[in-house]
**Student:** 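Handing you this structure, nothing more for now.
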Amino acid sequence: MSSKTILIGEDSSVIQNLVKRVFELKDYRILVAKNGQQVLDILQKESIDLVLLDLNMPVLDGIACLKQIRQLDAPKNQVPVIAITGNAPNYSEAEFQALGFQDVVLKPIDFDALFQKVEALLHA
C-alpha cells in the first residue's frame, strides 16, 4: 500500500473532494489547495510526492505556480506535477512538457486514467 502524499491545487471543491475520495481509498495522503499560492505555501512546509495542478485557478494560475515550483530549492523543485485542465486543446502534449509538467489530465476527469498516471510517476 502507498503512503505517498499528493497535493491537489484545484479551486473546484467538487473536483477536490472527488480526487480526495478516490485517492484516499488507495491509501494516499491528500492535501488540498484552492489556488497556486496555497500550493507553494504547502510545498514549503510539507513533504509532497506529487502535485495535481489545475491550470485555471485564482491568485496564481497553474502555469505561473509551476514556474515558481521549478525555482524552489531541491528536492522540492523536482516534484512531479500533472496538469488538470478543461482547456487542453489549447496546448499540445509537447507544450505541457516544455512548461515542466510530467503529464496532463483532461476534465471531466477519468479517474482510472488519472490513477494510472499518478502510479506511473510515483512508482517509476
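What's counted below: heavy atoms across the whole structure, side chains too, no hydrogens, waters or symmetry copies. The structure displayed is predicted, hence computed values, not measured ones.
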**Student:** Are Val51 and Ile82 packed together at the side-chain level, in the sense that at least one heavy-atom pair is separated by less than 4.5 angstrom?
**Tutor:** no
**Student:** How long is the gap from CG on Asp61 to NZ on Lys67, to the nearest 0.5 Å?
**Tutor:** 8.5 Å
**Student:** Do Lys76 side-chain atoms and Ile69 backbone N/O form a donor-acceptor pair below 3.5 Å?
**Tutor:** no
**Student:** Rounded to the nearest 0.5 Å, what separates atom CG in Leu7 from atom CG in Leu53?
**Tutor:** 8.0 Å
**Student:** May I ask you to test the Val118-Ile6 pair for a side-chain heavy-atom distance under 4.5 Å?
**Tutor:** yes
**Student:** Under a 4.0 Å N-O cut-off, is there an ion pair linking Glu46 with Arg29?
**Tutor:** yes
**Student:** Before giving the answer on salt bridge (charged side-chain N to carboxylate O under 4.0 Å, His left out), spell out for Lys107 and Asp54 the whole-Å C-alpha distance, their side-chain angles and the decisive distance to 0.1 Å.
**Tutor:** CA-CA 10 Å; Lys107 291 179 184 176; Asp54 185 18; 3.4 Å; yes
**Student:** In the structure I gave you, are the side-chain heavy atoms of Tyr28 and Asp49 within less than 4.5 Å of one another anywhere?
**Tutor:** no
**Student:** Could you pull out all residues at least two apart from Glu93 that satisfy side chain to side chain donor-acceptor pair (under 3.5 Å)?
**Tutor:**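 With sequence neighbours excluded, Glu93 shows a side chain to side chain donor-acceptor pair (under 3.5 Å) to no residue whatsoever.
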**Student:** Heavy atoms, side chains only, cut-off 4.5 Å: are Asp110 and Leu114 in contact?
**Tutor:**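 Side chain of Asp110 against side chain of Leu114, heavy atoms only: no contact under 4.5 Å found.
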**Student:** Strictly by modelled atom types, are Gln37 and Asp41 linked by a side-chain donor-acceptor pair under 3.5 Å?
**Tutor:** yes
**Student:** Yes or no on salt bridge (charged side-chain N to carboxylate O under 4.0 Å, His left out) for Lys117 and Asp103, after CA distance, side-chain angles and deciding distance?
**Tutor:** CA-CA 8 Å; Lys117 289 176 188 222; Asp103 213 329; 3.2 Å; yes
**Student:** Can you tell me how the ring of Phe115 sits relative to the ring of Phe23, calling it parallel under 30°, perpendicular over 60° and tilted otherwise?
**Tutor:** tilted
**Student:** Carefully, step by step, assess Lys4 and Glu119 under the rule salt bridge (charged side-chain N to carboxylate O under 4.0 Å, His left out).
**Tutor:** CA-CA 10 Å; Lys4 303 256 184 207; Glu119 287 279 292; over 6 Å; no
**Student:** State whether the number of non-hydrogen atoms from other residues, nucleotides or ligands found under 6.0 Å of Arg21 atom CZ is greater than 12.
**Tutor:**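 No.
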**Student:** With the side chain counted from C-beta on, respond yes when Leu121 and Leu50 share a heavy-atom pair under 4.5 Å apart, and no when they do not.
**Tutor:**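 Contact flag for Leu121/Leu50 side chains = yes.
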**Student:** Roughly how far apart are Gln102 CD and Gln78 CD, rounded to 0.5 Å?
**Tutor:**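 Here the interatomic distance stands at 8.5 Å.
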**Student:** Closest heavy-atom contact between Cys65 and Gly36?
**Tutor:**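 Taking every non-hydrogen atom into account, SG-O, 3.5 Å.
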**Student:** Just verifying a value: how many Å separate Gln16 CD and Ile30 CD1, rounded to the nearest 0.5 Å?
**Tutor:**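 If I round to the nearest 0.5 Å, the distance is 11.0 Å.
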**Student:** Does Phe101 reach the side chain of Leu55, with side-chain heavy atoms less than 4.5 Å apart?
**Tutor:** yes
**Student:** Considering the options Asp11, Val59, Leu40, Leu60, which one meets the side chain to side chain contact (heavy atoms under 4.5 Å, CB included) requirement together with Asn35?
**Tutor:**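 Testing Asn35 for a side chain to side chain contact (heavy atoms under 4.5 Å, CB included) against Asp11, Val59, Leu40, Leu60 leaves exactly one candidate, Val59.
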**Student:** Is the shortest side-chain heavy-atom distance between Val81 and Val79 below 4.5 Å?
**Tutor:** yes
**Student:** Any chance you could measure Lys34, atom NZ, to Ser12, atom OG, to the nearest 0.5 Å?
**Tutor:** 7.5 Å
**Student:** Starting at CG of Leu43, measure out to CD of Gln68 and round the result to the nearest 0.5 Å.
**Tutor:**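 Rounded to the nearest 0.5 Å, the CG-CD separation comes to 11.0 Å.
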